[in-house]
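Structure, as structure tokens:
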Amino acid sequence: MIRQDSADAPLFGDDDDAANQNKLKIKHPLATFFHLFFRAAAILVYLLCDQLSGSFIASMVTIILLLSCDFWTVKNVTGRLLVGLRWWNQVDEDGQNHWVFESRKATSRKLNSSSESRIFWLGLIVCPIFWVIFVFSTIFSFQFKWLVVVTMGLALQWANVYGYVRCKVGGKTNLRSMATNYLGAQLFKQAMSKQQDP
């Protein structure tokens, strides 16, 4: 795994000059619109597919096309424009896969809008939660023909979440060890605070 330009990109608008009015403006309205449009459209079509069409195949194809458009748009366009992050896989001459996680340099971070950053991260995190709910609802309602569709939605959405979180925290950082270290630090703080209480 390769990490390039290790400077952080803003997460939920963690900019130093967030009070600046220019940061609150949406500089890329078309990219911001499509960042949310394909995600929301796929969820709406899934929820309303019985009312829109009686055909399972037509609904499935429409949802998967919307999910594919969303995956491509988020991975190749909106991540780069809205938060200055991108990730991809490259194969070297030996046939080895290398995952590359990039973030914009700290000197050019001022180009990011805190509003766009919030929209990007909220859209990236909230929509996969819906697909998790859909997976469980299809299992518990025994609608197994929809399980393929919701699993595809979950896989495509979480792939982007994983890629962008790796860009944000660092491509060489193991997310599991990071979570373990965080939980260990929290447990240590709790234990120390309990010891200090009479």
Side-chain angles (χ1 to χ4, degrees), residues 3 5-48 62-88 99 101-106 108-137 149-171 173 175-176 178-179 182-183 186:
R3 167 81 174 166
D5 299 331
S6 62
D8 288 335
L11 175 63
F12 290 110
D14 291 344
D15 300 318
D16 296 331
D17 55 349
N20 187 355
Q21 285 292 25
N22 291 335
K23 298 294 246 174
L24 298 177
K25 293 181 183 176
I26 294 179
K27 296 178 182 177
H28 304 98
L30 195 60
T32 305
F33 171 76
F34 282 109
H35 177 71
L36 298 175
F37 172 75
F38 290 122
R39 293 171 171 262
I43 291 170
L44 285 174
V45 170
Y46 176 74
L47 291 173
L48 302 173
T62 303
I63 293 167
I64 290 178
L65 281 175
L66 287 168
L67 288 169
S68 300
C69 290
D70 170 65
F71 179 81
W72 185 88
T73 302
V74 171
K75 183 179 174 304
N76 295 318
V77 179
T78 62
R80 194 177 299 180
L81 289 177
L82 302 182
V83 291
L85 300 172
R86 67 181 180 165
W87 61 274
W88 70 90
W99 290 94
F101 302 96
E102 273 188 347
S103 65
R104 190 177 288 150
K105 293 180 181 179
S108 62
R109 270 183 41 195
K110 296 176 184 171
L111 300 174
N112 293 336
S113 164
S114 62
S115 298
E116 288 178 342
S117 178
R118 280 189 204 102
I119 291 170
F120 177 83
W121 288 105
L122 286 173
L124 193 71
I125 301 298
V126 169
C127 291
I129 294 171
F130 281 106
W131 291 105
V132 169
I133 293 168
F134 295 156
V135 166
F136 287 114
S137 69
V149 176
V150 296
T151 303
M152 179 69 102
L154 185 64
L156 290 173
Q157 299 273 316
W158 280 106
N160 267 330
V161 169
Y162 180 77
Y164 283 111
V165 168
R166 289 294 296 260
C167 289
K168 178 67 181 146
V169 300
T173 305
L175 294 178
R176 181 174 289 172
M178 219 174 86
Y182 176 77
L183 288 175
Q186 294 302 317

Salt bridge (charged side-chain N to carboxylate O under 4.0 Å, His left out) contacts touching residues 124-136 (sequence neighbours left out): none
Would you say Trp99 and Arg166 make side-chain contact, with heavy atoms under 4.5 Å? no
Spacing of CG belonging to Leu82 relative to NE2 belonging to His35, to within rounding of 0.5 Å: 6.5 Å
Check: Phe120 ring centre within less than 6.0 Å of Tyr164 ring centre: yes
Suppose the criterion is salt bridge (charged side-chain N to carboxylate O under 4.0 Å, His left out): which pairs have a residue in residues 122-137, not counting sequence neighbours? none
Smallest heavy-atom separation, Ile64 atom then Met152 atom, equals CG1-CG, 4.3 Å
Quick one: OG1 on Thr32 to CZ on Arg118, what's the gap to the nearest 0.5 Å? 13.0 Å
What's the shortest heavy-atom distance between Val149 and Trp131, and which atoms? O-CZ3, 4.5 Å
Looking at CZ of Phe130 and CD of Gln157, how far apart are the two atoms once the value is rounded to the nearest 0.5 Å? 11.0 Å
Going by the rule side chain to side chain contact (heavy atoms under 4.5 Å, CB included), which residues pair with Thr62 if we only count those two or more places apart in sequence or in a different chain? Val45, Leu66
Within the side chain of Glu116, is there an N or O that forms a donor-acceptor pair under 3.5 Å with the backbone of His28? yes
To the nearest 0.5 Å, how far apart are CG in Asn160 and OG1 in Thr73? 9.5 Å
Trp87 vs Phe71 aromatic rings, parallel, tilted or perpendicular, using cut-offs 30° and 60°? perpendicular
Summary of salt bridge (charged side-chain N to carboxylate O under 4.0 Å, His left out) pairs that have at least one residue in residues 33-47, sequence neighbours excluded: Arg39-Asp70
Mind checking what makes side chain to side chain contact (heavy atoms under 4.5 Å, CB included) contact with Val135, not counting sequence neighbours? Ile139, Leu147, Val150, Leu154
Phe37: side chain to side chain contact (heavy atoms under 4.5 Å, CB included) partners, not counting sequence neighbours: Phe33, Phe34, Ala41
Go through the steps for Leu85 and Phe101 under the test side-chain contact (heavy atoms from CB on, under 4.5 Å), then give the verdict. CA-CA 8 Å; Leu85 300 172; Phe101 302 96; over 6 Å; no
How long is the straight-line distance from CG of Leu36 back to OG1 of Thr78, given to the nearest 0.5 Å? 9.0 Å
Looking only at heavy atoms, which two atoms of Leu67 and Ala42 are closest? And how far apart? CD2-CB, 3.9 Å
Under the rule for side chain to side chain contact (heavy atoms under 4.5 Å, CB included), what residues qualify as partners of Leu47, not counting sequence neighbours? Ile43, Phe134
Residues Pro128 and Gly123: closest non-hydrogen pair is CD-O, 4.3 Å
